[in-house]
2 protein chains.
Amino acid sequence: MKKSNMKTNLIISGDCREILKTLPDDCVDLIVTSPPYADKRNHSYGGIHPDHYFAWFIPIALELKRVLKPRGSFILNIKEHANDGERGIYVLEMVLTLKKLGWRWTEEYIWHKKNSFPGKWPNRFRDSWERCYHFTKQKNFKMYQKAVMVPIGKWAEKRLNNPIKSDFIRLESNSESGLGRKVQNWVGRKKVYPTNVLHLPTVVTNVNHSAAFPPDLPEWFIKLLTKKGDVVLDPFLGSGTTALVAKSLARKYIGIEIKSQYVRLAEKRLKSNKVKI
Amino acid sequence: MKKSNMKTNLIISGDCREILKTLPDDCVDLIVTSPPYADKRNHSYGGIHPDHYFAWFIPIALELKRVLKPRGSFILNIKEHANDGERGIYVLEMVLTLKKLGWRWTEEYIWHKKNSFPGKWPNRFRDSWERCYHFTKQKNFKMYQKAVMVPIGKWAEKRLNNPIKSDFIRLESNSESGLGRKVQNWVGRKKVYPTNVLHLPTVVTNVNHSAAFPPDLPEWFIKLLTKKGDVVLDPFLGSGTTALVAKSLARKYIGIEIKSQYVRLAEKRLKSNKVKI
DNA sequence: GTTCCGCATGAATCGATAG
DNA sequence: ACTATCGATTCATGCGGAA
């Protein structure tokens with residue numbers, strides 16, 4: 001298929017291991033996805049065993065690399081589970097595998113889930129964060145940092161209400177380090193750049209999908225890594241959040257989902273332009 | 001050396017690869033440390049190259065495992081640096097290596113550095129988090145969760161005073177999550193258990209040490225994983241923060257540091273009982 | 001319109017019990 | 001011994017209806 005002929009703004013029903021092969025080379029600006037976690041979601045992709053997880057992902061990773069444009073990005077949201085008191089290592093193995101396949105591990109963003117799943121155990125606290133790996137094909141990739149700047153107002157407001165020790169220490173070190181002066185430069189500024197920690201609550205509204213990530217998560221990465229008209233791909237679309245957000249931001253989208261019930265749900269959500277149906 | 005004869009509350013000057021051998025088996029309740037990062041701190045331990053990092057750490061990891069009590073814990077604060085636009089994989093390799101050596105990877109806590117150093121790069125935001133790996137020798141290890149409870153969120157103020165009807169009626173969740181509620185456990189509650197995300201500011205002190213972590217970090221883990229009179233070890237003591245905190249919490253400490261100037265600084269801080277000198 | 005209040009829900013984890 | 005299922009534990013958020 002020629003790139004120029006490629007259809008966009010569509011949801012494809014099927015196994016991404018097959019569907020991806022039908023896409024042309026270098027046709028996607030951003031991949032944002034959250035694959036089924038090991039040993040979970042038993043009915044789609046057969047509930048991949050942790051020991052086979054990264055091997056299962058290899059052909060997918062290769063296809064994703066092929067369809068991504070040279071200056072594009074691949075955002076992978078994942079978190080290993082605890083089992084018998086230990087964290088699984090399949091996610092770490094996956095990073096090493098992706099690197100061997102030629103992906104560059106650019107960054108690891110932390111999604112801090114403020115409303116994480118409740119529960120209590122003798123030697124474990126609640127898991128309230130997930131990994132968002134950022135992989136690229138090249139050192140130089142597209143990044144529009146200004147698109148995700150955050151108002152300094154919120155930050156400053158929080159600081160005023162809840163000052164921390166180092167705020168005062170910084171003032172003391174004003175004369176010596178110059179750091180204090182830099183902080184002074186921030187005063188009066190309207191917007192600042194964010195960090196690599198994202199504070200987003202999980203989705204609690206019922207979208208009939210057990211693993212939907214919040215719209216703010218793909219939104220942040222789509223704004224950061226694409227501009228209007230760019231193509232966003234999610235090979236594990238689920239209930240369609242990535243496509244929905246891409247559409248609302250005037251990006252083109254391609255979504256692939258293996259379960260027909262989720263395909264229908266995603267199409268319904270896209271039609272209504274509503275997160276919740 | 002017999003365990004009973006072991007001296008505590010001391011700082012040992014020297015290379016931990018040698019010093020650790022002089023400690024008896026099963027003599028330490030908690031190890032908290034932040035080792036020299038790969039390719040950094042060039043003057044201590046010779047600036048370990050990323051490719052040799054986990055191999056360099058193997059003999060240390062084995063000694064640490066030997067001196068740790070069966071139900072003790074090992075907290076490893078570390079974060080890979082970016083090099084040529086990529087995150088290094090030596091930390092991931094280290095986790096896999098430690099597992100091969102028999103350590104159990106119990107948990108990965110995120111230290112969210114609320115006031116990370118300002119800065120801007122074309123392809124990268126400020127790095128505002130670090131990993132705190134929790135390794136143990138056994139599935140059952142000592143953990144005193146109540147010691148680190150935090151105030152309950154603002155949302156609960158009303159609920160605590162005015163429990164709602166459903167708190168008493170609804171004991172089972174309607175969904176498939178299998179989650180029910182027992183609100184009698186909540187009534188009058190002022191504190192909740194924390195999560196595996198720690199929100200601590202970085203501390204800018206005049207302490208002349210490149211990797212000084214804030215006292216709050218070892219404090220949290222010492223409270224969580226030891227009780228009074230227990231022995232805390234830091235094989236890369238640096239400016240002595242771990243020892244200082246252990247002392248202030250009535251724990252015994254053993255610190256090992258290779259650079260004599262840091263040994264002197266740590267001793268000075270311990271003598272004065274002050275974080276900042 | 002706002003704010004308040006009721007309330008459902010969640011990519012969890014572990015130990016015990018059953019097959 | 002090894003897997004499968006079940007019950008118990010727990011907290012912050014958004015939504016929708018009411019005030």
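Residue numbers begin at 1 in each chain, while the letters A, B, ... track the order of the sequences.
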> Taking the side chain of A:F117 as its heavy atoms from C-beta onward, which of C:dG10, D:dT13, C:dT13 lies nearest to it?
Replying inline: C:dG10
> A:H209 NE2 to C:dT9 P: how many Å, rounded?
Replying inline: 17 Å
> For A:E86 and A:V204, take the nucleotide of DNA chain C holding the closest heavy atom to each; which residue's nucleotide lies nearer the 5' end?
Replying inline: A:V204
>> When the C1' atoms of C:dG1 and D:dA18 are compared, how many Å lie between them, rounded to an integer?
In response: 14 Å
>> Using whole Å, what does the distance between atom C1' of nucleotide C:dA12 and atom CZ of A:F125 come to?
In response: 15 Å
> Counting side-chain heavy atoms from CB outward, which of C:dT13, D:dG14, D:dT9 is closest to A:A82?
Replying inline: C:dT13
> Think A:R124 has a side-chain N or O under 4.0 angstrom from the OP1 or OP2 of C:dC14?
Replying inline: yes
> Rounded to the Å, how far apart are A:D127 CG and C:dG10 P?
Replying inline: 17 Å
>> Partner lookup for D:dG17, please. Criteria are Watson-Crick or G-U wobble with both distances under 3.5 angstrom; report none if nothing qualifies.
In response: C:dC4
> Does any donor atom in the side chain of A:S116 or B:T195 lie under 3.5 Å from an acceptor atom in the other side chain?
Replying inline: no
> With sugar-phosphate meaning primed atoms plus P, OP1 and OP2, does A:K114 contact a base, only sugar-phosphate, or nothing at under 4.0 Å between heavy atoms?
Replying inline: sugar-phosphate
>> Within the 3.5 Å criterion, strictly below it, is a donor on A:E130 or A:Y37 matched to an acceptor on the partner's side chain?
In response: yes
>> Rounded to whole Å, how long is the line connecting atom NE2 of A:H49 with atom C1' of D:dT3?
In response: 11 Å
> With sugar-phosphate meaning primed atoms plus P, OP1 and OP2, does A:F213 contact a base, only sugar-phosphate, or nothing at under 4.0 Å between heavy atoms?
Replying inline: nothing
> Does B:W155 put a side-chain nitrogen or oxygen below 4.0 Å from OP1 or OP2 of D:dT13?
Replying inline: no
> Does A:Y37 lie flat on the base of C:dA11, that is, centres under 5.5 Å apart and planes under 30° off?
Replying inline: yes
> Whole-Å distance between C:dC14 C1' and B:M143 CE?
Replying inline: 14 Å
>> Mind checking if B:K139 touches a base, just sugar-phosphate, or nothing, with heavy atoms under 4.0 Å?
In response: sugar-phosphate
> Is there a donor-acceptor contact under 3.5 Å linking the side chains of A:T241 and A:R269?
Replying inline: yes
> Ignoring hydrogens and geometry, is there a side-chain-to-backbone donor-acceptor pair from A:N196 to B:S128 under 3.5 Å?
Replying inline: yes
> Taking OP1 and OP2 of C:dT13, is either one under 4.0 Å from a side-chain nitrogen or oxygen of A:H81?
Replying inline: yes
>> Taking C:dG10 as the reference, what is the distance to D:dT9 when you measure between their C1' atoms (whole Å, please)?
In response: 14 Å
>> Using heavy-atom distances to pick each residue's nearest nucleotide on DNA chain D, tell me which of A:T202 and B:M149 is more 5'.
In response: B:M149
> Contact class for A:G119 (heavy atom, under 4.0 Å): base, sugar-phosphate, or nothing?
Replying inline: base
> Between A:I78 (CD1) and C:dA11 (P), how many Å, whole number?
Replying inline: 15 Å
> Atom NZ of A:K113 and atom P of D:dC11: how far apart are they, to the nearest Å?
Replying inline: 16 Å
> Which is it for A:I60 and A:R17 under the side-chain contact (heavy atoms from CB on, under 4.5 Å) test, yes or no, and what are the steps along the way?
Replying inline: CA-CA 6 Å; A:I60 299 169; A:R17 286 171 293 187; 3.6 Å; yes
> Across the strands shown, which category fits A:D84 at heavy-atom distances under 4.0 angstrom: base, sugar-phosphate, nothing?
Replying inline: sugar-phosphate
> Does A:N9 use its side chain to pair, donor to acceptor, with the backbone of A:I254 at less than 3.5 Å?
Replying inline: no
> Does A:R87 put a side-chain nitrogen or oxygen below 4.0 Å from OP1 or OP2 of C:dT13?
Replying inline: yes
>> Nearest whole Å is fine: how far is D:dG14 P from B:K154 NZ?
In response: 15 Å
> Taking the nucleotide of DNA chain C with the closest heavy atom to each, which residue, A:E130 or A:P122, is nearer the 5' end?
Replying inline: A:E130
